[in-house]
Protein chains: 2
Amino acid sequence: MSITLTSLYEILPKKCDSKADLWQSHFVTLKDVLTKNGFEKLTSSSQQQNGHPGQDEVVTECYCHHKNGRTILVTCCKDSMMLDLNERTQPSRLSEYNECAEQLQTDLYKALRDYNINRVPTIRRGEKIWQYSECGDGRIAENNFTELLFDKTSEYQRVTIGYTKTYGKILLLDWVENLAESDDSYTTSLCGIDRGVTYQDKSVLILGGGDGAALHCLRKLNPRMITMIEIDEMVLNACRTHLRSCCGDSLDKYEGENYKIIVGDCIKYLEEYAREGRKFDYVISDITDVPIETNEKNNQEIKESWLSGAGWKFFKQVFNYSLKLVETDGIIMTHITASLNVDGIKRFEVGINNLDEEVDYEMFDEFVPSFCEKWMFCHIKKRTAQK
Amino acid sequence: MSITLTSLYEILPKKCDSKADLWQSHFVTLKDVLTKNGFEKLTSSSQQQNGHPGQDEVVTECYCHHKNGRTILVTCCKDSMMLDLNERTQPSRLSEYNECAEQLQTDLYKALRDYNINRVPTIRRGEKIWQYSECGDGRIAENNFTELLFDKTSEYQRVTIGYTKTYGKILLLDWVENLAESDDSYTTSLCGIDRGVTYQDKSVLILGGGDGAALHCLRKLNPRMITMIEIDEMVLNACRTHLRSCCGDSLDKYEGENYKIIVGDCIKYLEEYAREGRKFDYVISDITDVPIETNEKNNQEIKESWLSGAGWKFFKQVFNYSLKLVETDGIIMTHITASLNVDGIKRFEVGINNLDEEVDYEMFDEFVPSFCEKWMFCHIKKRTAQK
């Protein structure tokens with residue numbers, strides 16, 4: 001198996017008052033550095049940048065290492081120089097590649113003292129497990145999966161559990177991170193435990209929550225009864241086997257002294273409970289970011305527009321039913337999205353301000369290790385509760 | 001100001017039993033997708049990969065978007081296809097670029113159903129603040145600095161404090177992350193607070209620790225006396241002003257009821273204290289990863305070899321003196337390195353097993369949010385303490 005290793009460099013003047021054509025004068029220096037590092041020039045081209053009239057000339061040069069197929073693409077403008085180093089090689093040769101990339105940076109730094117020389121750590125493509133994901137504000141995060149413990153596609157979604165060196169085991173649904181062994185903070189924030197919510201003798205409805213972490217955490221707090229409704233039995237099975245440090249023994253059987261797990265579509269049960277006039281002290285919505293609809297057409301729409309359009313229609317339904325089911329002074333708890341997904345949070349706020357009943361809500365964020373970012377949570381109460 | 005935006009894609013068969021020349025048959029499909037997305041072929045070349053005799057033919061094609069100067073470099077082999085999308089543009093056009101990159105991925109996914117299509121989130125180069133750093137195992141981590149609050153070069157190092165949306169303010173020394181407002185776990189682990197170390201009536205010597213976080217944390221635990229020795233007054237000044245949520249008022253004056261801050265070289269004071277026969281209950285080494293030597297020649301050597309060679313000589317000195325200063329049942333506490341920097345940890349272990357006195361030690365790791373990884377800590381005791 002071959003992988004493609006890439007490092008991206010930037011060379012920028014330390015001060016921004018540099019003159020045009022400054023880079024022209026450094027071509028020779030750059031070429032010396034590249035030659036010293038074993039690279040030979042293959043091609044060179046100069047052009048006005050396409051489609052950007054008035055922009056400066058851009059010079060592109062391609063260099064190739066004569067020994068190992070490493071290439072460098074150099075793009076120079078008057079105010080910046082970008083280097084793209086690539087090599088297709090065996091994973092075992094990564095350290096050799098890294099040494100070369102490091103050496104190149106050191107040599108550039110020595111030769112171009114008036115410039116900031118930065119390098120993006122090596123990106124790897126072509127490996128068995130994809131390690132990159134995107135945070136709520138577009139930042140890149142790299143994982144270190146060493147093994148996929150479970151990877152099957154259910155009726156609803158792709159269910160994956162992988163082991164990472166940094167976060168322990170992680171549950172991914174459609175390859176989106178849901179919960180890792182490192183992520184206690186997610187569960188305690190979702191359930192408001194750090195915010196003084198107590199569970200003694202309370203009745204709780206968990207929507208989703210198939211990883212079992214919330215259920216397991218709350219069972220220890222002496223609630224009267226927890227009912228959990230998870231649509232995807234494959235998630236329960238996978239977590240029971242591979243994510244026991246999160247769910248403990250709580251998924252071993254579907255009914256215990258003070259809890260019950262129902263495998264089914266929560267919308268159907270919310271409807272039924274509302275009709276029956278059932279009440280809960282707390283409703284905890286731990287539905288995935290990309291909620292599942294059993295109607296295939298709707299499901300596609302939802303997947304395409306999270307927390308907006310069809311997506312929000314689903315959440316609106318969940319929250320309106322939850323308002324019917326929750327006691328007057330009860331709380332609906334939910335996670336929202338990444339705290340830096342500003343648009344998503346705005347859409348959520350517009351949404352909960354337009355539910356069937358007037359509500360008050362409190363939003364707060366908490367850092368979740370495996371997400372590499374702060375996640376937003378919300379506790380919703382009926383406005384009548386305050387009157 | 002222009003930035004260079006880069007997305008790196010990989011296209012791999014879902015199953016590994018794909019035949020050679022498979023990719024040849026998908027060139028047409030790929031070209032259709034690229035054409036639909038506004039790209040035109042510029043150049044094409046085919047070659048045996050240089051320096052890798054026996055490896056398969058590699059075809060490289062370069063495409064250019066006729067409207068906005070976006071380019072795609074396509075590299076095809078029999079078992080993988082890599083796409084490098086680049087655009088030099090204004091930061092304000094990032095979302096337009098991201099939409100294009102996203103659309104391309106969707107179209108590739110639709111056209112090549114039997115393949116996994118992955119994309120590295122957009123990398124940005126040419127911006128005012130460099131956002132990328134490398135974890136102990138080579139993983140990339142991206143920050144979201146919006147502002148540099150302090151950025152000056154002292155006699156010893158570059159001292160930077162920046163504000164990030166995710167981790168709050170971060171102190172960087174020579175552009176290496178030292179402590180962020182999110183990183184309580186670093187301080188409580190370093191000082192063993194989560195591990196039952198108590199400070200009531202104890203005497204403490206802190207080496208380094210210029211951010212003031214350990215000092216401020218320990219002052220609240222009623223120690224008899226804390227002495228802190230920090231070499232770089234610029235760090236103290238910068239943190240006093242910009243990192244108050246970590247250091248509180250502890251750096252406002254250099255002497256208080258139960259603490260004293262000395263600006264100086266800790267080696268000199270360790271020597272002096274040892275000569276005087278002074279004793280402490282705890283010595284906490286919070287020296288930066290790249291320790292400072294006042295001797296310029298040694299300093300260069302140390303910077304070039306962390307925890308090995310000249311670098312370790314420095315640490316050995318610190319630990320040997322600390323062993324002289326610590327009470328028989330006292331503890332020397334230190335941070336080590338990233339928990340996935342396996343070589344660094346091995347070198348550390350060899351080092352402390354070869355100190356002047358025999359020691360027992362305990363190592364443990366803790367996730368530090370702004371580092372995006374687990375960090376390793378060590379508590380060292382004299383072996384005689386157990387006898």
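Every chain is numbered from 1 and lettered A, B, ... according to where its sequence line falls, protein lines coming before strand lines.
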Q: Looking at A:Pro369, A:Ser339, A:Ala141, which has the largest count of heavy-atom pairs under 4.5 Å with chain B?
A: A:Pro369
Q: Counting only heavy atoms closer than 4.5 Å, note whether B:Leu83 contacts chain A via side chain, backbone, both or neither.
A: backbone
Q: Sort B:Ile140 into side chain, backbone, both or neither according to what part of it lies under 4.5 angstrom from a heavy atom of chain A.
A: both
Q: Among B:Asp365, B:Leu94, B:Asn143, B:Thr71, which residue forms the greatest number of heavy-atom pairs with chain A at distances under 4.5 Å?
A: B:Asn143
Q: What distance do B:Glu127 atom CD and A:Leu12 atom CG have between them, rounded to the nearest 0.5 Å?
A: 10.0 Å
Q: Does A:Arg119 offer a backbone N or O that forms a donor-acceptor pair with the side chain of B:Arg125 under 3.5 Å?
A: no
Q: Backbone N or O of B:Gly126 within a donor-acceptor pair of the A:Glu10 side chain at under 3.5 Å?
A: yes
Q: Count the heavy atoms of every other residue, nucleotide or ligand shown that sit under 6.0 Å from NZ of B:Lys346, and state whether that count exceeds 12.
A: no
Q: Where on B:Thr6 is there a heavy atom nearer than 4.5 Å to chain A: the side chain, the backbone, both, or neither?
A: side chain
Q: May I ask you to name which of B:Thr75, B:Thr4, B:Val120 has the most heavy-atom pairs under 4.5 Å with chain A?
A: B:Val120
Q: Checking A:Ser182 against chain B: side chain, backbone, both or neither under 4.5 Å from a heavy atom?
A: neither
Q: What heavy-atom pair brings B:Pro121 and A:Ser133 nearest, and what distance separates the two atoms?
A: CG-O, 3.4 Å
Q: Most heavy-atom pairs under 4.5 angstrom with chain A, which of B:Met82, B:Arg139, B:Lys374?
A: B:Arg139
Q: Just wondering, are more than 12 heavy atoms of other shown residues or ligands nearer than 6.0 Å to NZ in A:Lys152?
A: no
Q: Between A:Asp84, A:Asn98, A:Ile3, which residue shows the highest count of heavy-atom pairs closer than 4.5 Å to chain B?
A: A:Asp84
Q: Side chains of B:Trp130 and A:Asn116: does their closest heavy-atom pair fall under 4.5 Å?
A: no
Q: When you compare the side chain of B:Thr166 with that of A:Phe367, does any pair of heavy atoms fall below 4.5 Å?
A: yes
Q: Taking A:Lys165 first and then B:Glu373, would you say they form a salt bridge - that is, a charged N and a carboxylate O separated by under 4.0 Å?
A: no
Q: Less than 4.5 Å to any heavy atom of chain A: does that hold for the side chain of B:Leu340, its backbone, both, or neither?
A: side chain
Q: Counting only non-hydrogen atoms closer than 4.5 Å, does B:Tyr9 touch chain A with its backbone (N, CA, C, O), its side chain (CB onward), both, or neither?
A: backbone
Q: Within the supplied structure, the quantity of interest is the number of heavy atoms (other residues, nucleotides, ligands) at a distance under 6.0 Å from B:Tyr109 OH; does it exceed 12?
A: no
Q: Looking at every heavy atom in both B:Glu142 and A:Gly138, which two are closest together, and how far apart are they?
A: OE1-O, 4.4 Å
